[in-house]
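What follows is a single structure, written as structure tokens, with notes after it.
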Amino acid sequence: MKFKDLVRSGYSAWVNNSIVRVMKIMVLIMTTFLLQVSAAGFAQKLTFTRQNASLKELFTEIRKQTGYNVFWQEGKVNDAMKVNVSFKDAPLDDVLKKTLSGHELSYKIVNQTVVVTKKEKSFLETVSDYLASINVEGKIVDASTNLPIPKVSVTLKGSTRSVVADERGNFRFNSLPDEGTLIFSSIGFVTQEVKIRESMEVRMVMATQLLEDVTVSTGYQSVKKSSTTGSFSVLTAKDIESTPSVNLMERIEGKIPGVQVDIRKNTIQIRGVSSYNAQPPLVVIDGFPSINQDLTSISSGLVDGNVTYKNQPSTTGNAIISSFNPADIESITFLKDAAASAIWGAKAANGVIVITTKRGKKGPSELNFSATLGVSAPGNFSNLNTMSNEEYIDLERELVDKGFIQDPVANLIASPLNGYRTAPITEAQEWMFKAKRNPIYAGQRDSALNVLANRSNRDQLKDYLLQNAVTQQYNLSFSGGTDNTSYYVSGNYTKDQPVFKSNLGEKYSVLSNMTNTFLNKRITLSTGINYSYSKSQVNSAALQALSLSTFGLSPYEMLVDANGNRIQKGITLTTRTSDSLTRIKNLMPWTYNAIDELDYNNTVNTGNAVRINAALDGNVTDWLKLSVSGQIQKTIDDQINLKNENSFFTRDLINIGTNPLNTTLYGTRYGFPKGGIHNNARINRDDYALRGQLSVNKNWGTDHHFDMIAGTEIRQEKANGSTRTLYGYNEELSSSINVNTVGAAGRYTNIYGQTGIIPNPNNTISRSARRYLSYYSTATYAFKDKYYVTGSARFDDVNILGASRKARATPLWSAGLRWDIKKESFMDQLTWIDALSLRGSYGRSGNNPLQSANVSTVSVGSTDGYTQLPYSTIGYPVNQDIGWEITNMLNVGLDAALMNSRLNLSVDIYNKRTTDLLMSLPINSAYGWTTLSYNAGTLSGNGVDLNMIGYLMREKDWGWDANFNFSYNNNKITESRVIPLNSTGVRLTPGYSVDQLFVYRWAGLDNTGKSQIYAADGSILKSNNNNIVIDDIVSAGRTIAPYFGGFGTSVRYKSLSISARASYNLGHKFLIQKIDPSLYPTGGSYGGLIGNNKALVNRWRQPGDEAFTDIPGLTGVDINTVNRYMYSDLNVRNAGTIRLQQITLSYRVPKTMLKNTPFIKAVNIGATVSNLGLLWTANKEGVDPSYQMTDKFTNLPPTRNYIFNLNLSL
Amino acid sequence: MQKYIYTILICGVLFCTGACRKYVEIAPVNTRVLEKTPDYQSLMYNTTTFDRSYYAPAFAGDDIGTDDIRWQNIQNVVPGNLYTWSAKIYGATEEDTDWRALYEQLYLCNTIVSDVMKSKGGTEAQKQGILSAALVHRAFIYFTLVNLYGKQYDAATAATDPGVPLVLEPRFFTDLTRASVQEVYSQIKADLNQALPGLPDLPDFNSNPSKAAAYGIMARVCLHTREFAEAERNADLTLALKSTLIDLKTYAASPIGFPTRNLNPEEILLKKLTQVPLSFPMSADAISMFSTTDLRYQLFTVDGITLFSPTFNTRAFTRNLVGNEGSFTGPNVPEMMLIKAECEARAGNAGVAVGILNDLRTKRFRTADYVALTATDANDALHKVIDERKREFLGRGFRWFDQRRLSKDAGFVSTVTRSYRGVTYTLEPGSNKYVFPIGDKYILLNPEIIQNPR
């Protein structure tokens, strides 16, 4: 009898948990906030409220409260002048400014003394005042709609004088200087400066519509995009929010031209490859390289304690954890060309991704809460391209008939003593053998097979091993700022539950960013603390049950019987044998059920990450700034894999290790230690970086502007990892057994009569340390804000063992030009062009040869397992010829805004050339090494990035916009020392791209069911002929899409909007996989689920079949046959796809509806459907090239994901 | 206040700009420049590199094989090619396991030979010891290489028969033209002779070279060059230093307690098969060599049907699974005894030869089952020695080298016939197929290497 706890189950429990989570986040936020808030209490503060106070009284009060003396010029300053003051904890600076500014007085603070003087007009001011005083009238309209903009504030530049336009956009401003400039500002519009004329019509542009307005962050500085010469793309917080996925990579995919995101492989690439060892772009967080260079980590791989380990996903369906909380990101800037990225030097050859977290803005404090819930169902079994049960049983029959499978019963009869060890077989195979041994069972066999043919385990697999994938994200942040302090504090909880049961990922993070200014805003201190804790659990039981081989279930094999009891199956031995061994010989239970295993053999990863940064900026003069900044990052990743005593893995190991014939009834001696196996791996990383920087920002007159930074930086990356294994682990007691694995003590006889060895616990330590020293500078000179010249240079040095400085470090640089054409007078006539500029850049970046040195190096730190003597290996052989790999890149770009900025356009064309390509050059192993790090080639690449945004409709109630981006990228090996080998697949060949696919030319099967391919001369090569020369293999195209990008559109009606996004990849090829060696029955093991692709139904069976099939048969099959079939032009398909990523419906609750709850500023709700599948695919089979091998459940494309989100601002 | 902050800022900037190159001139942890004597020594202690010998002969020799389709069905391409003495063993882009493993060790040996005497922090004697050890390994490596890829030594043609590339320095991109078989053998002998003075009589561990090992390798080399007197002299020198045999009677009941590899008293220099197949079917000829009372048969072979996977109907050789430490191929005590016996038999001393065989066989049978061998004449004694070699060295590739070597003696090697997946293959004595082809990859990379004829 079962009881159900209503409170703790279902929906109510979920609510309960989320409240607790939100509370936890609150506590964390408060703690981190309070840690930093004390830093704000520096400035001199004054509290003083009085009507009609005299200045003298105020000055006395200042001295009393702040300890500052106040001096004033007797006679020139009227100390009896009355002022109304009301200050509470106001900074001294503010107090003086507010009280004195209206009275033509100025002040200076020198050595804790305030000196108050009468403001005197310069001679020039007096004269110009006299000469040029004009009155201005004007009208302000929206540039796109020509409708007047009400209540725009108009300020005279360089003064505090201002007026406000009326409701119809009209304004009047009297007695203005003739040569002056007016500043027009209004919320939602771009602030504009216009020279004074007597009658003015000012056209203001909506803030979101202008390319020019974007600020890009290089990590070293923030610059206006309009003054740059390089190729930058920015993803704003709004763009990131528009895709509410847990996976940050999905939020980027298809949005930035030139940036190729592969969700499946979890890789990101900027403008294709520029080296052979395709390095990912450098990821920078808040100005410093991130310790975590993956945007997203997927919890599938095993941490092995090796500090050089990098996580790569192997299957879909494991929990996803974003390394950075998407809700905290203010912007992501992609640095694509040399001028943009050269400032990062040696690390920038493959592009740079600069992430900036949110900081508070001056203004009232704001509280934001958002919650996102995403749900998707497991992949649909009916989409699997597999055999029917009948066809599958027929395949088994052929395997049985051809001797691929052993009959356990026959073996037992042949050798009663040893035959019991034959591996178990499936129900269908049992019937086949039974009828073989005695033909009278033929009839029973046929009816039994008929039953199996009509039975399917798919419902059970779905019910017991799979679940809906559910993701939850909660964010709570508050931010705000006063004149001297601003803050942004946030907390986040994310949970990702994949489709396979017993797998889970979750993450908590808090971020607190503060900015304080002191001393009349001359000093700025910015600090930030970020802490995150993540936890994920990996369990492979469900995955294995759905995969091929031993643990996979045949399509008719059930998990539970009609009464709901779990069916136990034999894996190592038949259930008949193992049950009796358990009963008679006291062995552990030796059967397997996937549902049981969901509780065991879990791998739990926990990660702690802390990031602390601080920057102190000081304005030495109004044009010179000094700053010191630094960042400390620390991560602790811990992985525990517990193979519990009750897990099948451990039971099997113990039972195999216990020879039942050598043991007495109750005296079983377990050869392998009884108990669980506890594996623990841990990696600690410590990074720090410190930077000193000088900034110059100076104008000479109105025409010349010079901007420069120069600095130096030191950085250290340190890591240490360790692994530990415990045997005989008891979970309840947390105890383990001391095991001697050395020599005879670690040896036992197993059931096969062989000697087993208890694996060495392998308690290893791994360490690494890397140091960098850099000098850098970048400068921009602008003439009349029309012509820009930029340049940058960097010198990087790194600790490489035994390398001279020349080999370690090399100067890298860039130079660029920009011409703002729109600002030329001849463009004034072309009113339909709102902005137009042309830019070009050239620069060089490079990679240093970290993998080799000019001397031989040895790696030490290991001892031999038998002799315990210390041994070493040669890390890198001496290599005098190794040097830097250099990439030169030329970029030309055009930015334009047309037709009242309704169409914004940006195009970049680039060309790059990498020389002295570093690669693992294959060499004759007679030299002692199979490959050698070597500068061995030249690679050229080129491409186009295009971005278009159109605002098709901009009415009050209606809006419609669309965007489109297109990228083309190509690369070609122009020169190579590599001798191309006659292999298929992707290989490096001069004249082709680095991702070129090479295949055989298929010539059909021969009359024995084996492969034939064409040689270059047209003759036919049989499968046993290994005499293949390079010309027998032909190019089939590139494997990476040369054309890619995305497009999206969104329609708004009042507060409701709907948007859709799609991405495309075109022009590349893939090999459609019907069978491959790992799936074809040649692997030697036929236990569990056998390769069951539908294509195998048409396999060759008898001479003559070759006329209508290309699928090799089982008879005498060899690896050559399967490989040549798989890698032949027969299976090459066009991989072009257009993928509909998402459709989003969102609604902003109108202000009018929030009238009764004035504390709520805004409410947004949204619903998104993502993973909508392919809109178009180029191959006729309709296969999705990213998710092929569709006979494997684990390879089914992700199903539709329904996401609901709520945003609340207080 | 302001002053302080500016001071901090300026100091900070100065500190950073002043950061000098020394900051980046620290050594990374756990790696260092190869220059110290102990580091050269520890390179030699890398047993997982130096214990590898060869792989191909284990599949090509006539002591293994079965027609059982279940075993043949699951063999990969390379074992299949080796089993059928195919004209090509490896695909054009594949590494040859043996070539690579041996030349990889050779690079280490050459590094030591070239540089150890210039190393820092060791005594002259230490350096000499390390150098000598490297020379012993180098001799073993070249002996193995030349017998895999070169023709059997024949004094008449050795000077012109192509051997293998003779790489004696750790340098890249040098000429790899194959040296003659004679040149390779001369180098082997020169290395062993140069090594001898610096070696200890016996090693601390059997994975490290010693005088016994140098003599043992020399005995094997001379047996192949048919310098039988010299072979016997070196076998005697070895046996004078090390002659302990494992008495299999001790383990007749259970192999538990069988000495682990480092404690195995019979092994003089530990070398093993580079890869050990899952299961090794014994050929009909090999099975017929054994009496069922032979403890080597009882302990080291099992019914093929009882194997986990794949099973087959004949007997399987499983010595490598006792202790699970591999099949040893280095010079060993029984080998020295059998070399001595062979040389005695060839010298006409049948009695002495059979006497040595019986010394060995008393350790291979239960006392009750032991029957002393006798020989009718010297030729019979020589046959008995060769048969004993078949038994003692079963499944370890020795037989392949004997098949090559004994083709020079009439009546010892016959044509081998194999059926593999329905096709019949034959191997005549002295056939070109007794020389393994050189991997296509190596010829593509270095066209100066010429291929062996088929």
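In what follows, chains carry the letters A, B, and so on, assigned in the order in which the sequence lines appear, proteins first and then strands, with residues in each chain numbered from 1.
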Per-residue contact mode, B:T49 against chain A (heavy atom under 4.5 angstrom) | neither
Choice from B:L263, B:T174, B:L444, B:D204 maximising heavy atom contacts with chain A below 4.5 Å = B:T174
Minimum-distance pair of heavy atoms, taken over all atoms of A:P877 and B:Y107 = CB-OH, 3.1 Å
Interatomic spacing from CD in B:E448 to CG in A:N924 - rounded to 0.5 Å = 8.0 Å
At what distance, to the nearest 0.5 angstrom, does CD of B:E104 lie from OG1 of A:T930?
-> 8.0 Å
Residue B:N81 versus chain A: region with a heavy atom under 4.5 Å | side chain
Engaged part of B:L108 at the chain A interface, taking heavy atoms whose separation is under 4.5 Å = side chain
Mind listing the closest non-hydrogen atom pair of A:P870 and B:S42 along with its distance?
-> O-CB, 3.3 Å
Per-residue tally against chain B (heavy atom, under 4.5 Å) across A:A710, A:G928, A:S925 peaks at A:S925
Chain B heavy atoms under 4.5 Å from A:F795: which part of the residue, side chain, backbone, both or neither?
-> neither
Pairwise side-chain contact, A:T867 with B:Y45, heavy-atom cut-off 4.5 Å (strictly under) | no
Between A:A926 and B:L176, which heavy-atom pair has the shortest distance, and what is it?
-> CB-CD1, 4.0 Å
Write down the atom of A:T873, the atom of B:N46, and the distance for their closest heavy-atom approach.
-> CG2-ND2, 3.1 Å
Using non-hydrogen atoms only, which part of B:I449 is less than 4.5 Å away from chain A: side chain, backbone, both, or neither?
-> side chain
Chain A contact via B:F205 - side chain, backbone, both or neither, heavy atoms under 4.5 Å = side chain
Greater than 12 external heavy atoms within 6.0 Å of B:R100's CZ | no
Would you mind checking which part of B:F173 comes under 4.5 Å of any heavy atom in chain A, side chain (CB onward), backbone (N, CA, C, O), both or neither?
-> both
Among A:R715, A:Q716, A:K718, residue most engaged with chain B (heavy-atom pairs, under 4.5 Å) = A:R715
Look at atom CZ of B:R454 and say whether more than 12 heavy atoms of other residues, nucleotides or ligands are closer to it than 6.0 Å.
-> yes
Non-hydrogen atoms of chain A under 4.5 Å away: do they reach the side chain of B:T111, the backbone, both or neither?
-> side chain
Can you tell me if NZ on B:K36 sees more than 12 non-hydrogen neighbours from other groups inside 6.0 Å?
-> no
Does any heavy atom of chain B fall under 4.5 Å from the side chain of A:L921, the backbone, both, or neither of them?
-> side chain
Heavy-atom distances under 4.5 Å only: say whether B:N208 touches chain A with side chain, backbone, both or neither.
-> side chain
How close do A:I874 and B:L34 get, heavy atom to heavy atom, and via which atoms?
-> CD1-CD2, 4.1 Å
Rounded to the nearest 0.5 angstrom, the OH-CG distance for A:Y927 and B:N446 is 4.0 Å
Any idea which heavy atoms bring A:Y772 and B:Y23 closest together, and the distance?
-> O-CE2, 3.3 Å
Sequence neighbours excluded, the answer for salt bridge (Lys or Arg N to Asp or Glu O under 4.0 Å) partners of B:E95 is B:K441
Is the distance between the ring centroids of A:Y871 and B:F50 under 6.0 Å?
-> no
In Å, rounded to the nearest 0.5 Å, how long is the span from CG of A:L869 to OG1 of B:T47?
-> 9.0 Å
For B:L106, is it the side chain, the backbone, both or neither that has a heavy atom under 4.5 Å from a heavy atom of chain A?
-> neither
Contacts of type salt bridge (Lys or Arg N to Asp or Glu O under 4.0 Å), residue A:R987, not counting sequence neighbours = none
